[in-house]
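Structure incoming, see below.
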Number of protein chains: 6
Amino acid sequence: WGVLAGIEECAWLLASLNKDINVYSMKEGTVFGQLEPVFVIEGDYLDFCVYETALLGFLCQASGIATKAARCKKIAQDRFVISFGARRIHPAIAPMVERSAYIGGCDGVACVKSAELLGIDPMGTVPHALILLLGSSVNAMKAFDRIIEQEIKRVALIDTLEDEKFEAIKVAQGLGKKLYGVRLDTPKSRRGNFLELLKEVRWELDLRGFKGVKLFVSGGIDEPEISKLNPLVDAYGIGTSISNAPILDFAMDIVEIEGMPIAKRGKFSGEKKVLRCPKCFKRKIFPKYEKNPKFCNCKAGYESPLLPLIKRGRLVRRLPEPSKIREYVLRQMEFYRIGDV
Amino acid sequence: WGVLAGIEECAWLLASLNKDINVYSMKEGTVFGQLEPVFVIEGDYLDFCVYETALLGFLCQASGIATKAARCKKIAQDRFVISFGARRIHPAIAPMVERSAYIGGCDGVACVKSAELLGIDPMGTVPHALILLLGSSVNAMKAFDRIIEQEIKRVALIDTLEDEKFEAIKVAQGLGKKLYGVRLDTPKSRRGNFLELLKEVRWELDLRGFKGVKLFVSGGIDEPEISKLNPLVDAYGIGTSISNAPILDFAMDIVEIEGMPIAKRGKFSGEKKVLRCPKCFKRKIFPKYEKNPKFCNCKAGYESPLLPLIKRGRLVRRLPEPSKIREYVLRQMEFYRIGDV
Amino acid sequence: WGVLAGIEECAWLLASLNKDINVYSMKEGTVFGQLEPVFVIEGDYLDFCVYETALLGFLCQASGIATKAARCKKIAQDRFVISFGARRIHPAIAPMVERSAYIGGCDGVACVKSAELLGIDPMGTVPHALILLLGSSVNAMKAFDRIIEQEIKRVALIDTLEDEKFEAIKVAQGLGKKLYGVRLDTPKSRRGNFLELLKEVRWELDLRGFKGVKLFVSGGIDEPEISKLNPLVDAYGIGTSISNAPILDFAMDIVEIEGMPIAKRGKFSGEKKVLRCPKCFKRKIFPKYEKNPKFCNCKAGYESPLLPLIKRGRLVRRLPEPSKIREYVLRQMEFYRIGDV
Amino acid sequence: WGVLAGIEECAWLLASLNKDINVYSMKEGTVFGQLEPVFVIEGDYLDFCVYETALLGFLCQASGIATKAARCKKIAQDRFVISFGARRIHPAIAPMVERSAYIGGCDGVACVKSAELLGIDPMGTVPHALILLLGSSVNAMKAFDRIIEQEIKRVALIDTLEDEKFEAIKVAQGLGKKLYGVRLDTPKSRRGNFLELLKEVRWELDLRGFKGVKLFVSGGIDEPEISKLNPLVDAYGIGTSISNAPILDFAMDIVEIEGMPIAKRGKFSGEKKVLRCPKCFKRKIFPKYEKNPKFCNCKAGYESPLLPLIKRGRLVRRLPEPSKIREYVLRQMEFYRIGDV
Amino acid sequence: WGVLAGIEECAWLLASLNKDINVYSMKEGTVFGQLEPVFVIEGDYLDFCVYETALLGFLCQASGIATKAARCKKIAQDRFVISFGARRIHPAIAPMVERSAYIGGCDGVACVKSAELLGIDPMGTVPHALILLLGSSVNAMKAFDRIIEQEIKRVALIDTLEDEKFEAIKVAQGLGKKLYGVRLDTPKSRRGNFLELLKEVRWELDLRGFKGVKLFVSGGIDEPEISKLNPLVDAYGIGTSISNAPILDFAMDIVEIEGMPIAKRGKFSGEKKVLRCPKCFKRKIFPKYEKNPKFCNCKAGYESPLLPLIKRGRLVRRLPEPSKIREYVLRQMEFYRIGDV
Amino acid sequence: WGVLAGIEECAWLLASLNKDINVYSMKEGTVFGQLEPVFVIEGDYLDFCVYETALLGFLCQASGIATKAARCKKIAQDRFVISFGARRIHPAIAPMVERSAYIGGCDGVACVKSAELLGIDPMGTVPHALILLLGSSVNAMKAFDRIIEQEIKRVALIDTLEDEKFEAIKVAQGLGKKLYGVRLDTPKSRRGNFLELLKEVRWELDLRGFKGVKLFVSGGIDEPEISKLNPLVDAYGIGTSISNAPILDFAMDIVEIEGMPIAKRGKFSGEKKVLRCPKCFKRKIFPKYEKNPKFCNCKAGYESPLLPLIKRGRLVRRLPEPSKIREYVLRQMEFYRIGDV
């Protein structure tokens with residue numbers, strides 16, 4: 001399965017052409033399955049074929065990122081997942097990348113501009129540089145605490161100059177109840193049994209009365225790390241695995257010419273209907289002109305996720321806010337498992 | 001090793017700041033090794049720290065793409081390698097992606113705009129759509145041949161509606177000597193032993209007097225496919241593996257503060273010198289203030305690839321054309337092997 | 001477990017000797033387990049020892065083939081399984097091979113002579129040669145349809161000259177309702193994801209109103225392929241894996257000499273009784289002279305599958321028809337699983 | 001590579017048809033490579049197509065057996081390899097199986113009739129039964145020695161009732177200098193580290209002055225066992241792995257119709273020439289009507305292994321004795337390695 | 001988990017020092033889990049630090065052996081497990097090794113002295129040497145039977161000079177009802193499928209009326225062998241895998257200094273409490289000064305396995321007999337599985 | 001191969017018996033091969049059989065430890081290897097364990113008593129406890145430096161409370177030129193890429209002028225770790241892998257009785273001679289009474305490493321000092337590789 005993203009940009013592009021075309025698509029954020037058409041264009045091929053590369057580019061990269069974000073969030077469950085990977089991709093697409101990460105399920109993003117576009121607060125911690133400049137994590141956190149408004153949570157980075165265990169104790173004793181969390185961005189050369197290290201930090205904090213301090217981790221986090229560290233972690237900062245996620249390889253194929261189904265080898269010809277049960281999320285694909293069941297085995301009436309987007313060249317659907325799309329994704333994700341196809 | 005790309009954008013950004021900083025960097029296209037600093041900024045940290053995300057973004061993604069392109073070209077040797085993957089990434093970065101692919105070693109790119117920016121001709125073949133619309137590959141190629149100027153090479157796509165073997169025979173017999181090549185974009189479900197299929201197409205073409213017709217392949221091509229198909233293939237169209245290449249994870253670390261070496265755990269402190277032998281391309285890293293050998297074991301005098309880029313805020317180096325960078329990469333690649341670190 | 005075959009030939013050989021021997025054996029088609037004696041000869045060793053090689057030869061090869069056929073049929077369930085492998089073994093044993101395949105569970109055989117001996121109709125499709133000679137699958141099927149009696153089912157071979165998808169559409173549209181099935185004997189070089197190819201052919205046929213046309217596959221089919229392709233296949237043509245099946249390595253061992261148990265190292269001495277529950281098919285082996293339970297845990301009375309075959313040199317059991325043996329095998333197979341020992 | 005066998009039976013069948021056909025084939029025993037045609041029939045397709053199953057059956061099984069025998073012999077080098085597997089296949093094909101094993105390189109066969117047809121002496125040892133009946137290996141060997149003519153070598157089976165080590169010592173001390181060899185047919189349950197057991201038997205025989213007694217092994221011997229046991233073994237008895245060898249899957253394909261090359265998907269069209277260097281055994285395949293090099297890189301003039309067999313329906317080649325074919329195979333095998341394709 | 005052993009020696013050493021220290025420890029034989037403190041010393045560090053090497057040595061090796069013995073016994077269930085490995089370790093520690101094996105769960109030990117110290121009878125069988133000296137197993141067993149008191153069970157070693165099957169039959173027929181068991185110490189070179197060999201010996205004994213004769217095995221026995229052979233074996237003799245068992249790597253760490261928790265990196269600071277449910281054996285670790293639940297989820301009241309051992313330098317706990325410790329281990333083992341952590 | 005140890009204890013035991021026996025043995029420290037007899041006793045079996053367990057115990061454990069030490073030293077080459085594992089085994093055998101480790105090739109041992117018995121200085125570093133008690137590594141090293149005599153090398157433990165990198169810098173700057181080395185006993189949870197960590201520590205020390213400070217590592221070191229860390233490490237502290245090394249499983253077998261060769265199944269009968277070339281260290285085993293070559297292929301005259309140890313009950317060989325044995329081992333080790341048998 002994948003999470004569909006990039007629809008908004010496709011819609012604006014096609015609506016701007018002023019051509020007599022009809023477009024149907026699934027809603028942005030829809031979880032779709034193998035072989036399902038997600039975006040259907042009807043019209044004179046010459047009116048839109050030159051935009052194939054752009055349209056595929058909008059969908060493939062955004063959907064790849066949204067899908068990876070959804071998988072990470074699914075595994076992390078109610079733990080925070082924050083997109084930290086803007087620094088790994090060209091700044092021109094940082095807003096697109098973080099929007100896709102957010103609608104896929106990330107709870108926050110690190111980039112100020114992206115957050116602004118999404119209408120949310122950016123998230124992050126102090127940088128290693130501040131600690132190096134001020135000489136220690138405690139100094140850095142105290143300075144931060146003096147200057148930064150109180151709404152911002154105090155999260156200390158504890159892997160810069162000292163061992164995580166002692167750094168954690170020091171910042172906790174230094175900031176006291178103001179400390180919201182500690183972040184371990186532990187370098188590879190020191191990251192042996194990371195779960196054991198987290199246990200130790202947790203133990204030492206608890207022992208000294210800091211049971212409320214959260215544990216944040218970052219650095220090379222992907223699906224397997226999340227499964228493994230969940231027992232102790234409260235929040236994940238995820239970089240490259242989301243921002244450089246594998247794209248989804250959509251193709252834009254002709255499947256009907258003037259009403260006659262025809263498709264190249266390897267593709268299924270004819271326009272299709274997708275049915276989805278709104279209750280159990282089971283799905284089926286039918287030729288468009290075939291009759292099909294009205295009701296799922298679970299008794300619910302099927303819905304068709306392929307909806308009109310553009311009619312005779314004009315946009316006919318309201319494009320939702322990122323936060324609404326994100327909610328829609330999270331709602332659907334309850335019905336999917338990581339290993340599903 | 002990796003191929004450095006993205007320097008030009010970094011240079012313009014930093015030069016536009018009008019701050020009193022000095023920057024040293026390797027030249028765009030330099031092949032660098034593990035632990036080597038490629039970009040050094042001296043100055044007041046507050047003058048540039050806010051651009052960390054943008055600078056890393058320029059370097060990480062472009063270098064990742066250039067490196068993958070260089071690896072593919074290295075394996076393909078004198079066979080053509082064309083970047084086909086613009087359709088897999090957001091159109092806003094297509095020129096950056098194809099520029100990086102080109103300087104890494106690709107012989108051509110598919111996107112018209114990108115090619116224009118690079119000062120080269122775009123490359124491609126007829127699309128599957130043309131064949132579907134005109135009913136057969138032969139029809140499509142004949143129409144193409146009638147209309148398109150003669151400088152453009154005639155490359156037939158032969159996997160759309162019929163088996164590659166018979167399609168190859170038909171287009172060869174249809175176009176005769178005008179046919180430059182055939183392209184197999186064979187779908188996954190039909191791609192069994194691809195090398196055997198290529199052998200068969202080659203045999204049938206040769207048998208009928210078409211020994212000069214080239215074999216192009218595309219679809220899911222990456223390093224292992226290239227190694228395997230080299231005996232029969234004349235040109236590769238490479239998509240996702242180049243345009244969605246794994247980024248290189250550069251970090252922007254403080255290593256000296258007012259002359260004192262200091263670096264966070266996991267990083268080597270102090271400014272560094274990199275020495276490179278211009279003859280055998282062996283490399284060494286030294287602390288900047290340490291004396292070091294003038295000559296390599298192979299007797300050549302060492303050069304230092306870290307050169308001034310910006311002095312006191314002003315650009316001091318001429319930034320070369322993409323085609324010059326590409327030549328520089330190819331020249332260096334002769335000294336590296338795929339398995340080197 | 002294995003399926004016992006070859007008993008009939010052993011019986012005729014031993015009965016022809018006119019020697020004072022007694023023979024007990026399991027019935028042809030009996031599913032037997034590890035260590036169970038299947039064939040017991042009592043008499044003067046010199047009267048029969050010279051036939052050891054022949055007797056083992058009858059049992060080992062026939063039982064190997066019947067066992068493999070039973071495994072394939074077990075996995076294919078109610079889908080057709082046809083023995084296509086006569087061309088892989090010497091013609092002198094083709095009837096034995098196909099008889100063994102049939103009693104093991106195959107639904108049909110390809111060889112005319114073998115089928116005649118089994119009292120069934122041979123099965124097959126048009127050959128590739130007919131299509132090559134008449135120029136296309138449609139031509140070949142039309143010629144076949146004109147000439148061959150109507151009882152014979154029309155099954156088109158669709159992998160000869162064109163892609164399976166388009167060939168399927170053409171023969172379906174050419175023959176219309178007369179078309180019974182299509183057979184994919186897809187060559188290795190084109191057999192990528194075979195299940196996907198089958199899905200595509202199924203889709204295209206269904207889309208055009210040919211939901212009743214069956215899918216036959218052949219070429220390199222063995223147990224794993226059957227498990228994988230079952231969702232879409234209606235009939236399997238199985239060649240080498242049945243006709244060249246691994247033999248079962250029976251041995252002919254002395255276990256008693258004049259009433260004294262004695263056996264070489266590695267063999268269990270003494271004559272044995274095998275008990276089999278007719279209800280749950282659980283089995284036990286006992287020394288012949290030991291008392292043993294009359295009833296299985298499931299309350300059914302045990303039966304002994306080792307029955308008199310020859311008494312004092314004369315055949316005392318009626319040897320059943322192949323079709324009866326086959327039914328007996330299929331009845332037993334319901335109680336076994338592929339992974340049983 | 002494979003060793004071609006079954007040509008003689010094909011020749012007699014086709015020569016008996018009295019049809020106007022020409023046949024070219026490689027000589028029986030020729031080592032051929034991938035894609036090489038080994039048997040070419042020219043004529044009216046209806047004159048011979050009904051024999052396709054029989055012709056393939058002759059070639060596939062015999063060549064499979066000859067190839068496996070050649071591989072085993074290649075690995076065993078100058079050690080004896082005897083075909084023991086007649087008991088594993090139907091007696092009707094025992095002569096074909098053992099003829100194929102012999103021409104592939106076996107030094108002897110166990111079956112009396114097969115040996116007679118091959119014009120050689122059958123080989124074997126006393127059976128386990130004799131030892132059981134006479135009570136011990138020593139008794140059996142002494143009886144054997146009393147009765148059997150002196151030309152027959154005395155080889156004792158030493159795994160029946162006692163441990164191989166002590167049985168070897170006993171038969172050696174019992175028969176003295178007359179003992180030619182001992183055979184270990186050690187059962188699986190006692191076959192731990194077989195090489196160590198052989199070392200021990202060798203040591204104990206040598207220690208007592210029986211350095212000349214040969215070590216024979218049998219039971220489950222195939223290529224890996226031979227490689228492993230070569231340091232100590234003088235002769236191998238090989239059963240199932242040769243007589244039940246995987247068949248070679250030749251196909252009988254149309255490649256030209258009235259001078260026009262045409263072949264189904266997956267096959268190379270047009271009649272072909274195979275060239276083979278008689279010195280270095282390098283090989284090449286060309287379309288029949290193409291010019292081709294006269295000389296190999298090693299300066300020797302190429303030969304063409306495809307020679308006339310039948311002209312206008314009459315046999316035109318003398319079919320050689322099995323022993324000559326065997327010599328031809330062994331001569332060629334010096335140029336091949338087990339891992340070659 | 002591990003089985004704690006070596007406490008007694010630690011206790012005597014520390015009690016002999018006459019220093020003002022307090023010691024808490026788990027009872028010898030306690031099954032403990034990861035991270036649990038098993039031995040706690042309070043006092044002036046200089047009073048005991050010099051004994052760190054000795055104390056760890058007592059605990060690490062003895063606990064390693066006891067743990068391995070417990071695992072073997074757990075798998076063997078009610079079959080006998082006898083420690084045979086004294087010959088593999090220095091005689092100075094044989095009593096310690098066998099005591100640890102015994103308390104871990106072994107049913108007996110082979111060493112006379114060790115058995116005496118444990119207050120049990122030593123166990124063993126006749127040696128290979130006796131059989132070699134008297135010429136056969138039967139002779140050896142008859143001599144043994146004549147001379148050795150009747151309380152000692154007659155267990156024949158049956159792998160010395162003849163095959164196990166025939167040796168078993170001979171000693172059974174020679175000693176008749178007096179034979180208690182047969183031991184297979186089958187050498188590696190003859191140990192093919194050991195389970196099959198055991199089945200055969202069992203069959204032959206049963207067939208001749210010796211159903212009561214036990215099967216003992218020895219030689220290279222470890223956990224996987226036990227799991228595999230359990231269906232047929234009545235007793236295991238285990239050597240190297242117990243006496244050379246991997247040690248448990250306890251460390252003696254400072255965790256509090258004058259009431260302040262402090263521990264080196266990788267260790268949890270502060271004194272700890274371990275709670276263990278006496279009913280379901282679930283366990284928890286808490287800082288010593290933290291309040292903790294009185295009752296387990298299963299309603300039972302928690303107990304603390306860390307008990308006072310030495311107070312102000314004097315031993316305050318009675319150290320139990322080995323047989324009592326062993327019972328304690330076996331009682332706990334019912335709650336653990338081999339794969340638990 | 002293995003390194004023979006434990007001979008001295010065997011010699012004293014047997015010499016103390018006052019029995020009329022002769023003993024031949026290889027010298028302690030001899031590197032021997034598979035199947036070679038290392039210790040031969042001639043005499044009345046009853047005179048010594050009761051000591052079988054003790055004699056095997058002396059040889060098996062000591063030789064296992066010496067062999068493992070030799071392997072580690074072989075890989076470490078001229079880097080220091082120190083036996084740190086006394087804390088893992090019972091104190092009663094600490095001297096035996098460390099003597100075996102030393103003669104196998106260790107350069108030093110940690111235990112004071114063992115070192116005294118070996119006539120060498122014990123080796124070690126400050127313990128973690130000292131650092132915890134004094135609050136930091138620098139404090140601990142300064143205290144150590146004030147009090148401990150100057151001959152003792154100053155090696156700082158740098159993993160206790162802070163990160164290795166910063167601790168290394170601090171102790172180097174604190175002790176200056178007096179610092180001999182730093183030891184990384186890095187805990188598992190922090191041991192990610194250990195080689196990278198070592199590189200970083202090396203870089204930071206070198207950068208600050210401490211190129212002479214050695215790097216010591218300890219904690220879980222075995223053969224693979226040594227191979228991997230050799231590029232940066234100057235000394236290894238090896239614990240469990242040497243002191244708990246797998247024993248060598250010698251057996252004490254009867255091979256001749258009154259001049260007649262006889263051995264149980266699995267053993268080679270008869271007394272044996274071992275020949276060893278003093279130049280190329282090739283080896284051969286012969287029956288004692290067989291003639292054998294005087295000279296090796298490399299022209300050197302063979303020597304026999306089995307030499308008289310006890311004649312008629314009295315010790316006839318001088319038993320060498322541990323340091324001499326160690327030299328002998330190291331000399332031989334030049335001729336062996338880790339992978340030899």
Side-chain angles (χ1 to χ4, degrees), chain E residues 6 9 13 45 49 52-58 60-62 64 85-94 96-97 110-111 127-129 131-133 159-163 185-191 220 239-240 243-254 257 262-267, chain F residues 6 9 13 45 49 52-58 60-62 64 85-94 96-97 110-111 127-129 131-133 159-163 185-191 220 239-240 243-254 257 262-267:
Chain E
E9 290 193 278
L13 170 60
Y45 188 59
C49 69
E52 178 182 355
T53 294
L55 291 168
L56 285 174
F58 288 144
C60 291
Q61 192 171 21
R87 65 184 51 207
R88 297 296 174 216
I89 41 83
H90 195 278
I93 55 168
M96 178 281 287
V97 168
C111 230
H128 291 108
I131 295 162
L132 285 162
L133 291 168
D159 59 76
T160 315
L161 296 169
E162 299 200 36
D163 187 75
D185 192 49
T186 307
K188 280 244 166 79
S189 53
R190 271 77 165 179
R191 204 179 277 201
T240 306
S243 67
N244 189 221
I247 56 91
L248 299 194
D249 57 344
F250 293 112
M252 186 164 132
D253 285 301
I254 290 179
I257 301 177
I262 175 81
K264 70 171 181 183
R265 294 161 73 215
K267 302 288 170 170
Chain F
E9 289 193 281
L13 170 60
Y45 188 59
C49 69
E52 178 182 356
T53 293
L55 292 168
L56 285 174
F58 288 143
C60 291
Q61 193 171 20
R87 66 184 51 207
R88 297 298 175 214
I89 40 83
H90 195 278
I93 55 168
M96 178 280 287
V97 167
C111 230
H128 291 107
I131 295 161
L132 285 161
L133 292 168
D159 59 78
T160 314
L161 295 169
E162 300 200 36
D163 187 74
D185 192 49
T186 307
K188 280 246 167 75
S189 53
R190 270 79 165 178
R191 203 180 277 201
T240 305
S243 67
N244 189 221
I247 57 91
L248 299 194
D249 58 342
F250 293 113
M252 186 164 130
D253 286 301
I254 290 179
I257 300 177
I262 175 82
K264 72 172 179 181
R265 291 159 77 216
K267 302 288 170 170

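All chains are named by letter (A, B, ...) in the order of the sequence lines, taking the proteins before the strands, and each is independently numbered beginning at 1.
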Check the pair F:Arg265, E:Thr160 against side-chain contact (heavy atoms from CB on, under 4.5 Å), reporting the backbone distance first and the verdict last. CA-CA 6 Å; F:Arg265 291 159 77 216; E:Thr160 315; over 6 Å; no

For E:Ile93 against F:Ala92, the heavy-atom pair lying closest together: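 For E:Ile93 and F:Ala92, the tightest heavy-atom pair comes out as CG2-CB, 4.3 Å.
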
Nearest 0.5 Å, what's the CG-CD1 distance between E:Leu132 and F:Ile262?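 Here the interatomic distance stands at 6.0 Å.
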
Which atom pair, heavy atoms only, marks the closest approach of E:Pro91 to F:Gly57?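 Residues E:Pro91 and F:Gly57, closest heavy atoms: CD-C, 4.2 Å.
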
Is it the backbone or the side chain of F:Arg88 that comes under 4.5 Å from a heavy atom of chain E, or both, or neither?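 Contact with chain E: backbone and side chain both.
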
Could you pull out all residues at least two apart from F:His90 that satisfy ring-ring contact (aromatic ring centres under 6.0 Å, His included)?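 In terms of ring-ring contact (aromatic ring centres under 6.0 Å, His included), with neighbours along the sequence ignored, F:His90 is linked to E:Phe58.
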
My understanding is that only residues two or more places apart in sequence, or in another chain, count here; which of them pass side chain to side chain contact (heavy atoms under 4.5 Å, CB included) with F:Arg87?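 F:Arg87 satisfies side chain to side chain contact (heavy atoms under 4.5 Å, CB included) with E:Glu52, E:Thr53, E:Leu56 once adjacent residues are dropped.
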
Check whether F:Pro127 gets within reach of chain E through its side chain, its backbone, both or neither, counting any heavy atom under 4.5 Å.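 Contact with chain E: none, neither part.
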
Select, from F:Cys60, F:Gly239, F:Ser189, the one with the greatest count of heavy-atom pairs under 4.5 Å involving chain E.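 Of F:Cys60, F:Gly239, F:Ser189, F:Cys60 has the most heavy-atom pairs under 4.5 Å with chain E.
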
Portion of E:Ala110 that has a non-hydrogen atom of chain F nearer than 4.5 angstrom: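 Neither; nothing under 4.5 Å.
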
Measuring heavy-atom distances to chain E, does F:Leu133 have an atom under 4.5 Å in its side chain, in its backbone, in both, or in neither?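 Backbone plus side chain of F:Leu133, per the 4.5 Å heavy-atom cut-off to chain E.
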
Portion of F:Ala263 that has a non-hydrogen atom of chain E nearer than 4.5 angstrom: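 It is the backbone, since no side chain atom gets that close.
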
Picking from E:Asp249, E:Thr240, E:Val97, which has the most non-hydrogen pairs under 4.5 angstrom with chain F?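 The candidate making the most pairs under 4.5 Å is E:Asp249.
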
Side chain, backbone, both or neither: which part of E:Ile257 has a non-hydrogen atom closer than 4.5 Å to chain F?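 Only the side chain of E:Ile257 comes within 4.5 Å of chain F.
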
Sort F:Asp185 into side chain, backbone, both or neither according to what part of it lies under 4.5 angstrom from a heavy atom of chain E.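 Side chain only.
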
Could you pull out the closest heavy-atom pair between F:Asn244 and E:Ile247, with the gap in Å?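 That closest heavy-atom pairing would be OD1-N, 3.0 Å.
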
With a 4.5 angstrom heavy-atom cut-off, could you sort out which part of E:Glu162 is near chain F: side chain, backbone, both or neither?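 Only the backbone of E:Glu162 comes within 4.5 Å of chain F.
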
How many angstroms lie between CD1 in F:Ile254 and NE2 in E:His128, if you round to the nearest 0.5 Å?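 Result: 11.0 Å between the selected atoms.
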
